[in-house]
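Take a look at the structure set out below.
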Amino acid sequence: LAQGMSALPQRDATMAAGSAAFGLRAMAGSATPIPAGQPMALEPPSGIATVSLADATQRADGGAGGAGIDAAASSVQPMEEDDDDPVVQECDVYLNRMHDPPDFVGDMYVVQYPLRPTYRPYGDQGDLDSVWLKQKGRRLKFVYKLAQSDNYDGDSVISDKLGKRNVLSSTVVANTACSYAIGVIHQGRMTITPIRAVNQLRPDFEDYDRVRAQSGRGSAAASSAAPAEGAKGGDSSGESGAEDPASNANVNEVMAAPVRVEYQPNARRAKDSGPAEVGGAEKVPEEPEEPWVRLDYYDRNSAEALDVYQQHFIWPAAAAAQAEQDEYEPEHPKLQALELDRNREVLLAQMCGNEVPASKRKQALDAAKPQQEGPSVYVLSKMPVERQVEALARHFIVMSYSKQLRKRLPPSTIRSHGTDEELLHLLRRVAVLVAGNWVLKTELAGHEGMEAYARDMLLVLFAKKNGILQMEEYEKWINIFQNSISQSMREEITRAVAEREGSAIRLRNRADDDFNRKFPKLAQEYSTFWDKFRIETVKKMQSADRSNASRQNQAAQSQAQRHRSRMLTEVREALAVGAMTLPELRRRIQKKSPNVPIREEDLHLILQTPELEAVKIRDLWLCGRTGVEANDKFRSVMHGLFRSKDTVTVQEIQDEYERAHGHKCNLSSYIVRGFMREIAEKLEGDTWVLKNALSRNT
């Protein structure tokens with residue numbers, strides 16, 4: 001962000017490399033053309049350029065392993081000898097998607113100050129105190145603390161909120177066409193980041209207007225209650241309070257209803273509204289009901305701001321340049337080619353958070369429908385990869401490999417563990433292949449005894465009938481288990497994996513013949529598996545105890561197991577957000593399950609299960625292993641220090657890390673701060689205090 005500070009949401013971002021060529025043209029009024037073949041390193045803010053994304057994404061290759069962005073065909077055309085606008089240099093383009101949890105997820109805003117020249121930025125009359133955001137409205141607000149002696153009289157201000165601070169509020173210019181991005185050129189390579197919105201910041205006197213309106217109404221009421229007293233003195237000065245009530249009312253009416261003008265070229269006007277203002281500006285009579293959220297801001301000279309720029313903006317370009325200089329192929333997951341398997345307009349619009357045309361939006365929604373619920377990408381990114389696969393298998397129960405699993409895994413997981421061989425190996429631990437889809441294993445679904453046999457036999461039928469059972473086939477399955485399990489349980493087992501389609505029962509996902517064609521050996525292996533598995537299951541059913549007492553006991557155990565499985569999933573998702581005490585965790589989960597009583601005793605047992613891998617620090621519980629070695633090393637050292645101390649500095653953690661591992665921690669300051677925020681709260685300077693420690697000590 002311009003004018004001396006960077007305001008970043010508490011979410012984060014990284015680069016994904018796109019193998020591409022981009023033609024830089026010498027424009028009128030632009031910087032000096034770059035000589036061909038000469039690398040160029042620019043530092044912010046002089047290294048920030050505006051580039052059109054439409055020019056950089058003329059073609060999107062949807063094939064796996066293909067170039068993520070290919071603009072060479074459109075940007076670099078054969079030039080005539082007399083062309084007065086020649087291409088002066090070509091460079092690779094790296095796309096900063098601003099979405100790579102948990103390391104960095106955020107939005108790029110351009111901040112403009114129309115009332116201040118560049119040589120006189122805000123902050124000259126006081127320090128920046130807070131930064132606020134309305135994410136849906138895309139609005140920023142800056143609050144500065146004014147210096148008392150120079151900017152206000154302490155005896156005259158109305159309150160701490162009025163007179164002692166300068167508020168800058170924004171008018172939003174949304175990037176609705178997704179046509180602009182911030183570009184940084186480093187060592188002959190460009191990194192582009194789409195702009196979510198442009199904010200024009202101006203002084204905001206809304207609080208003053210509100211107070212003056214209230215005082216004006218009070219004066220008007222006093223004057224109307226005692227007209228004779230006002231006339232007796234014959235003094236019409238401002239101190240007498242005898243101003244004309246009618247004039248006061250008119251002034252107050254104008255002040256109480258400020259009107260904002262925002263640039264919304266694609267906004268739909270109401271049928272009875274008049275034409276829009278010139279330039280697409282429309283009057284917005286009232287702001288959306290969205291609360292302001294306070295952000296942590298970093299000054300441009302801070303270590304965090306430098307970290308974000310170096311680690312999350314220019315690092316991929318610098319690393320790729322170094323790899324080319326040293327003549328080796330970069331293996332880092334963030335330097336691999338993008339796989340753009342969707343419509344490029346939809347992709348760019350989603351990256352900028354803008355509305356997509358109805359037809360394209362419907363296509364995107366249909367493609368994303370199976371993955372709208374369940375654990376978020378951020379929550380998944382805080383888990384080891386094997387837990388990510390298990391969490392998605394538990395959520396979907398019947399899961400498509402290409403349309404659900406690969407699309408829901410975090411980008412960092414796809415880059416580091418996204419080979420078919422590794423993902424299929426992890427899938428086989430938690431699911432079985434049925435009609436080209438992966439179905440959660442019965443033992444993980446929480447069924448035991450005859451309930452487990454019934455579910456297994458139903459899966460056998462779906463596997464042999466390619467995912468569709470005619471009603472007579474389904475009724476045969478019902479008759480087999482009619483006396484073994486209750487009707488409600490049979491219906492529950494069926495609903496979990498199948499749905500009715502006309503006169504048939506179909507697997508929740510249609511048969512994925514493409515998967516079977518892509519992996520024929522795996523499909524044949526499971527075809528043989530189901531034949532053997534059916535024989536083994538029949539033998540187990542014949543020797544099973546079918547007494548009423550046994551049935552009731554097994555039903556109770558299965559119900560308890562399913563409840564435990566649901567609780568484990570909810571606890572894991574809750575702890576991924578941050579550390580919590582046992583009562584806080586119980587209240588959070590109880591809100592999600594208001595009809596099921598949640599007891600702390602049950603939660604305590606869940607927290608101690610090895611598969612959850614939860615860690616306890618004093619009275620706080622949080623997720624343990626994340627599966628990323630560098631992150632886990634740092635978190636382990638940090639957790640050890642907080643077990644014995646209430647307050648810890650980042651330098652103490654860094655020193656202990658170097659002593660324990662024999663080398664310095666290479667994590668960026670921004671990532672380190674994110675890990676600290678999981679378990680602690682920031683005090684002055686570099687000191688952090690364990691959550692709830694202050695209240696516990698008092």
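Since the model is a prediction, treat every value here as computed from it, not as a measurement.
The two residues Val434 and Phe462 have their closest heavy-atom pair at CG1-CB, 3.8 Å.
Note on Asp420 versus Lys518: salt bridge recorded, some NZ/NE/NH1/NH2 to OD/OE distance being below 4.0 Å. Using a cut-off of 4.0 Å between Lys/Arg side-chain N and Asp/Glu carboxylate O, Glu584 and Lys691 are scored as not salt-bridged.
The ring pair (Phe, Tyr, Trp, His ring centres under 6.0 Å) check on His661 picks up Tyr657, with sequence neighbours excluded. Taking Phe519 as the reference, Phe515 meet the ring pair (Phe, Tyr, Trp, His ring centres under 6.0 Å) condition, with sequence neighbours excluded. For Glu611, the salt bridge (Lys or Arg N to Asp or Glu O under 4.0 Å) partners two or more places apart in sequence, or in a different chain, are Arg564.
Atom CZ of Arg625 and atom OG of Ser636 lie 13.0 Å apart (nearest 0.5 Å).
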Given His563 and Met567, is the side-chain contact (heavy atoms from CB on, under 4.5 Å) satisfied, shown in steps?
CA-CA 6 Å; His563 177 68; Met567 290 269 290; 3.7 Å; yes
How far apart are the C-alpha atoms of Leu426 and Gln388, what are their side-chain angles, what is the distance that settles it, and do they pass the side-chain contact (heavy atoms from CB on, under 4.5 Å) test?
CA-CA 10 Å; Leu426 296 174; Gln388 296 178 26; over 6 Å; no
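Not one N or O on the side chain of Asn516 forms a donor-acceptor pair closer than 3.5 Å with the backbone of Ala435. In this structure, Gln559 contributes its side chain and His447 its backbone to no donor-acceptor pair below 3.5 Å. Between the Lys645 side chain and the Gly640 main chain, no donor and acceptor come within less than 3.5 Å of each other. At least one donor-acceptor pair closer than 3.5 Å links the side chain of Arg635 to the backbone N or O of Gly624. Ser400 places no side-chain N or O within 3.5 Å of a backbone atom of Asn437 that could act as its donor or acceptor partner. Put simply, the side chain of Arg508 gets close to the backbone of Ala496: a donor and an acceptor are under 3.5 Å apart.
Remark: aromatic rings of Trp688 and Phe675 are distant, center separation not under 6.0 Å.
The shortest distance between side-chain heavy atoms of Leu582 and Asp619 does not fall below 4.5 Å.
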